[in-house]
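Below is one structure, written out as structure tokens, with a few remarks after it.
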Amino acid sequence: MSVATANPAFFRNTIGLMRRHPGLLFGLVVISAMIILAVAAPWLHTVDPTHIRPRMRLKPPSSEFWFGTDSSGRDLWSRIAYGSRISLIVGAAVASISLVIGLMIGMIAGVIRKLDGIIMRVMDGVMAIPAILLAIMVVSLFGAALETVIIAITLPEIPRVVRLTRSVVLTVRGEAYVEAAISMGTPTPILMIRHILPNILAPVIVQATFTASAAILIEASLSFLGIGTPSEIPSWGNIMADGRNYFQMAPQLIIAPGLLVALTVLAVNILGDSLRDLLDPRFARSVGDTR
Amino acid sequence: MTDNILAIENLAVAVIASPYGTTVIKDVSLSVGRQEIVCVVGESGSGKSVTSFSVMGILSPGLAPVAGSIKLLGEELIGASAARMRELRGPRMAMIFQEPMTALNPVMTVGDQIAEIFRYHKPGMSASDIQDRVRSLAEDVRLPDPVNIIRRYPHQLSGGQRQRIMIAMALALEPALLIADEPTTALDVTTQKQILDLIRDLVARRGIGVLFITHDFGVVAEIADRVVVMRAGSVVESGPAQQVLAHPQQAYTRSLIDAVPGSKLPEARKIADNVLLRVENLSKTYGSRGLFSSRPTAAPALQDASLNLRRGEILGIVGESGSGKSTLARCISRLQMPSSGDIWLGDTNIARMHERKLRRHRKSIQVVFQDPNRSLNPRLRIGDALVEGARNFGIGTREASDKSRQLLALVGMDDSALTRFPHQFSGGQRQRICIARALASEPDILVADEAVSALDVSVQAQVIELLEDLRSRLGLAILFITHDLRVAGQLCDRLVVMQSGRIVEQGATGDLFNHPREPYTRDLLAAAPGRVFLARAKTA
Amino acid sequence: MAYFLLRRLMSVIPVLVVVSIIVFLALRLGPGDPAAILAGDSATPDMIAAMRAHLGLDQSLPQQFIHWVIQIAHGDLGRSITSNQPVTMLVASRLEPTLALASATIIFSILIATPLGVLAAWRRGTWVDNLASGGAVIGFALPAFVTGYLLVYVFALKLQWLPVQGFIPLSEGFWPFIRHLILPTLTLSTIYIALITRVTRASMLEILGEDFVRTARAKGLPERVVLFRHALGNSAIPILSVIGIGIALLLGGVVVTESVFSLPGLGRLTVEAVVARDYPVVQGIIILFSGVYVLINLAVDVSYAIFDPRISY
């Protein structure tokens with residue numbers, strides 16, 4: 001009964017939300033489509049993406065090979081479909097690892113003032129190295145493997161989360177409700193979990209979406225440069241790296257995966273923007289509130 | 001009338017962005033004559049600022065006049081082109097705002113900000129003529145050392161000096177109409193008096209008309225020739241100031257006038273000599289630490305403060321901004337650690353006690369903060385917020401939640417609040433909840449740090465009543481920090497007057513009001529707006 | 001003033017120390033013996049031991065670190081493994097394309113993005129704003145390789161207006177130099193323009209809601225003065241700071257863009273060095289880029305005081 005009555009209202013609210021934030025809808029639809037593509041790749045008119053057919057090199061799109069074939073005669077559509085897995089895994093993994101680690105370090109820096117100075121100096125140092133270069137250095141030292149790539153991309157993203165977390169913690173710490181809790185004798189761990197964490201989560205989660213899109217972009221760049229995900233794994237960046245020498249003959253080898261990277265990054269960014277508008281009241285000032 | 005500078009007739013303003021066409025103000029009519037000060041009074045949301053912004057043509061995007069007329073020196077302003085409005089702003093009408101700090105551009109010198117008015121309205125004027133005019137304007141508004149002060153940036157001036165600069169800017173092109181939107185609300189009371197005097201003086205000397213927006217009937221009594229009372233977007237009552245103040249026709253006006261604090265002094269009550277809190281020689285200096293810091297340390301924010309607080313007593317701490325009253329309150333409630341001195345709570349000195357040990361003693365002193373919007377955790381239901389204090393001191397969940405119901409009843413709210421979030425309540429209700437939360441740990445002492453300053457007068461009066469009620473019912477001792485001498489006079493048994501980090505004078509409220517010993521206390525009393533009028537009301 | 005500069009300069013030191021520790025440790029603690037790597041694939045154990053002594057690897061880590069930092073301070077970034085040239089000379093020989101590309105991008109981006117952001121904020125909610133903000137969101141999502149190849153496809157392959165790739169030094173003629181620089185600059189600028197436009201628009205929107213903007217309008221000032229003098233003047237600091245922070249993004253983008261257009265700059269050198277496992281070169285470039293980033297942000301910080309009198313020395 002209660003479920004039956006609650007559901008229409010829930011749907012109405014959801015539809016209303018989507019109408020007010022079309023970006024949210026766009027982001028969710030595109031990302032869902034990418035996830036479906038990644039999960040259902042084997043059933044979507046694909047063949048083994050690594051199967052080499054020397055006689056079928058650089059064929060134009062046809063009913064058999066929707067997007068044509070690459071320089072080794074591999075089916076481009078199959079490679080793109082399977083390649084979406086790498087982008088999504090890297091984006092999700094980097095975002096969640098850097099979120100958890102960054103949140104912990106950032107809260108420590110924001111609450112334990114003695115450690116603040118040293119933590120922030122280290123973070124400044126890591127941030128001074130351009131993200132792609134730091135990732136290149138790590139990959140080149142530890143060898144190309146998916147795990148290495150994820151770690152290499154996570155490393156430069158952590159300081160950004162730490163900085164944001166710390167600054168929000170410092171703002172929240174000055175709020176009167178935190179002081180009220182202190183004067184009520186609330187112990188520090190409870191203070192952090194009850195009063196500080198819930199009030200800093202929104203901006204940090206928004207930041208995590210931007211981290212995910214940056215990670216997808218960096219992975220594609222590294223692979224494109226030939227120093228990212230191992231070349232035998234089909235990833236969007238690897239497909240482009242392979243197509244670089246044949247750009248004049250078969251531009252789709254670069255354009256198709258490239259536009260998919262762009263579309264995914266765009267969707268994740270727009271989702272992040274909408275989430276921020278939704279969660280952060282500072283950005284949602286209504287019109288005509290001055291009196 | 002031909003000598004009206006401003007005539008507003010049946011003005012209505014609506015939210016044009018909204019499909020419902022919500023009206024913000026409607027049927028507003030008023031006029032301002034030469035050499036006349038017309039006060040528009042109302043609580044927040046009454047539409048008084050929207051009225052003044054409509055005249056200037058600087059309504060927020062989304063708002064627009066939908067009916068009525070605004071005539072400035074006979075010229076219709078509604079429907080006037082943006083270019084024409086721009087020509088009128090400055091030479092014909094000008095405006096000053098509530099917060100002079102944010103109303104001035106922080107990255108331009110104040111002199112430049114005055115000078116650019118001439119630069120764009122009088123392109124023919126030479127640079128040296130402009131400089132002369134700027135200097136003489138600074139003299140006109142009685143700024144000290146005008147030659148140097150106009151080379152400074154806003155942050156280098158005091159609040160009163162900044163408001164004087166705003167007035168100089170407004171008067172630069174000798175407009176006929178000056179609109180003043182709560183121009184003294186953000187200022188200290190002694191500065192407020194000086195600015196009010198200056199405005200009155202300029203009206204007399206230059207014959208301008210002033211539309212003065214305020215929420216404070218005390219200010220009205222000081223300055224108004226005529227009064228327009230607004231409520232929820234409409235004019236409730238208007239007429240000559242003396243008449244409206246002495247014989248208000250509407251119950252609403254009456255209630256606003258009655259709510260002005262300080263209409264009555266409390267009767268001296270007998271309080272048992274049961275000292276709960278003894279503060280001795282308390283000092284606080286904010287040190288600037290750091291490896292490379294060689295800046296001279298700042299003047300102490302609090303110096304040698306000593307006071308006693310007895311059970312059932314309300315002790316007021318009064319002072320202007322920077323007087324150290326808040327530092328004193330924060331040190332006593334140990335949100336800050338004092339640099340030296342003692343805070344005796346019974347026979348324990350908590351002045352420099354370590355946080356871990358202090359936690360046990362925190363239940364005796366609880367704080368209510370100024371801004372009710374920020375003192376409740378936005379993500380915690382009221383019920384959860386209310387049990388926190390009790391739970392911290394080892395009371396069981398069930399008992400704590402029973403208690404929070406009683407607390408809500410005590411502050412005049414019902415159980416339905418328990419499951420709601422702070423944003424679902426009004427400012428006054430939130431302040432009640434904050435008081436209930438503070439009482440959860442059954443404290444002996446309540447520190448109210450400007451706890452009623454952010455509230456509208458009528459709500460303010462209710463919260464003051466609540467505090468009085470709690471004191472008599474629970475025998476609570478209250479440390480009441482305020483900048484408003486009138487509020488303090490109405491509520492407190494004894495007063496402590498502070499200036500620049502020191503206690504200047506303390507004594508029973510009646511004695512202090514009737515026979516102030518220190519010149520500073522006398523200045524404060526003289527500056528409290530509407531004192532003369534209120535004194536007369538008291539005898540009447 | 002001198003005191004402030006000194007203090008600000010001092011604050012750079014810990015950052016540089018952390019950078020050098022990271023770079024140093026990455027090589028020393030990474031898997032594989034640096035001596036074996038440096039000695040090459042066909043080295044005998046004796047040769048590796050000799051290399052170890054030669055590199056000072058038999059010393060303790062802190063000793064090695066201090067030795068290494070002193071070398072860097074003397075401008076010695078070591079020698080390339082593959083070409084045996086000093087890293088500094090290699091870097092110098094590849095500096096021009098990168099310098100040209102980066103400075104052209106910064107200038108072009110600021111000239112386009114700042115007015116665009118101001119316009120979008122001023123005309124909030126109109127088609128101008130939607131176009132600028134939407135363009136910024138899309139531009140921010142476009143990877144350099146996509147923009148680059150699309151531009152090449154249209155302007156070089158189809159229209160044949162501009163060269164497909166390559167670089168002509170300035171010394172060999174101004175126009176050829178510029179012609180070869182146009183597409184790479186456009187490519188690298190996309191993300192940078194998007195970034196600056198977004199920040200300019202956001203901070204202008206915030207400033208336009210401030211009281212002093214209302215005061216400026218109440219004074220009857222022309223809209224252009226309100227917008228550029230009062231509002232933009234107060235938005236300078238967030239804009240400058242994003243320009244400074246964006247340098248990291250820009251330097252990263254250089255690596256990809258140079259690869260797309262085969263510019264023989266530092267970005268290409270990095271990729272070549274990584275592929276050849278030429279660690280001293282990789283190290284040298286990272287230290288150089290980080291140093292540039294730190295110095296530019298130092299300059300940005302110091303310039304705040306020009307725009308905001310509240311920041312005092």
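Note on naming: letters A, B, ... go to the chains in the order of the sequence lines (proteins, then strands), and numbering restarts at 1 for each one. From a predicted model like this one, the values you see are computed outputs, not experimental measurements.
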More than 12 heavy atoms from other groups under 6.0 Å of CD1 on A:I118 = no
Check whether any side-chain N or O of C:Y279 sits under 3.5 Å from a backbone N or O of A:S140 as a donor-acceptor pair, and report yes or no.
-> yes
Interface residue of largest heavy-atom contact number with chain A, from C:V294, C:V137, C:V282, under 4.5 Å | C:V137
When the 4.5 angstrom heavy-atom criterion is applied to C:I138 and chain A, the contacting part is both
Structural part of C:T270 lying under 4.5 Å from a heavy atom of chain A | side chain
Identify which part of C:V146 has an atom lying under 4.5 Å from any heavy atom of chain A, answering side chain, backbone, both or neither.
-> side chain
Separation of A:L217 CG from C:F145 CZ (nearest 0.5 Å) | 6.0 Å
Taking every non-hydrogen atom, the tightest pair across A:R121 and C:V18 | O-CG2, 3.8 Å
Contact class of C:V256 relative to chain A, heavy atoms under 4.5 angstrom | both
So which part of A:V268 gets closer than 4.5 Å to some heavy atom of chain C, the side chain, the backbone, both or neither?
-> neither
OH of C:Y153: more than 12 outside heavy atoms within 6.0 angstrom?
-> no
Could you pull out the closest heavy-atom pair between C:G252 and A:P130, with the gap in Å?
-> N-CB, 4.3 Å
Heavy-atom pairs under 4.5 Å with chain A, option from C:S259, C:A273, C:G253, C:G291 with the top count | C:S259
Output for pair (A:L259 CG, C:L150 CG), nearest 0.5 Å, gives 6.0 Å
Enter the distance from C:L249:CG to A:I132:CD1 here, rounded to the nearest 0.5 Å.
-> 8.0 Å
OG of C:S133 to CG of A:D273: how many Å apart, nearest 0.5 Å?
-> 10.0 Å
So which part of C:Y293 gets closer than 4.5 Å to some heavy atom of chain A, the side chain, the backbone, both or neither?
-> side chain
Against chain C, label A:N269 side chain, backbone, both or neither, depending on which of its atoms sit under 4.5 Å from a heavy atom there.
-> side chain
When rounded to the nearest 0.5 Å, the distance separating CD1 of A:I254 from OH of C:Y149 is 4.0 Å
Using a 4.5 Å cut-off on heavy atoms from C-beta on, say whether the side chain of A:I129 contacts that of C:I286.
-> yes
Partner chain C: residue of A:A220, A:A131, A:S213, A:G237 with the largest heavy-atom pair count (under 4.5 Å) = A:A220
CG of A:L225 to CZ of C:R268: how many Å apart, nearest 0.5 Å?
-> 10.0 Å
By a 4.5 Å heavy-atom criterion (distance strictly below it), what part of A:M127 contacts chain C: side chain, backbone, both, or neither?
-> backbone
Checking heavy atoms, do the side chain of A:L266, its backbone, both or neither come under 4.5 Å from chain C?
-> both
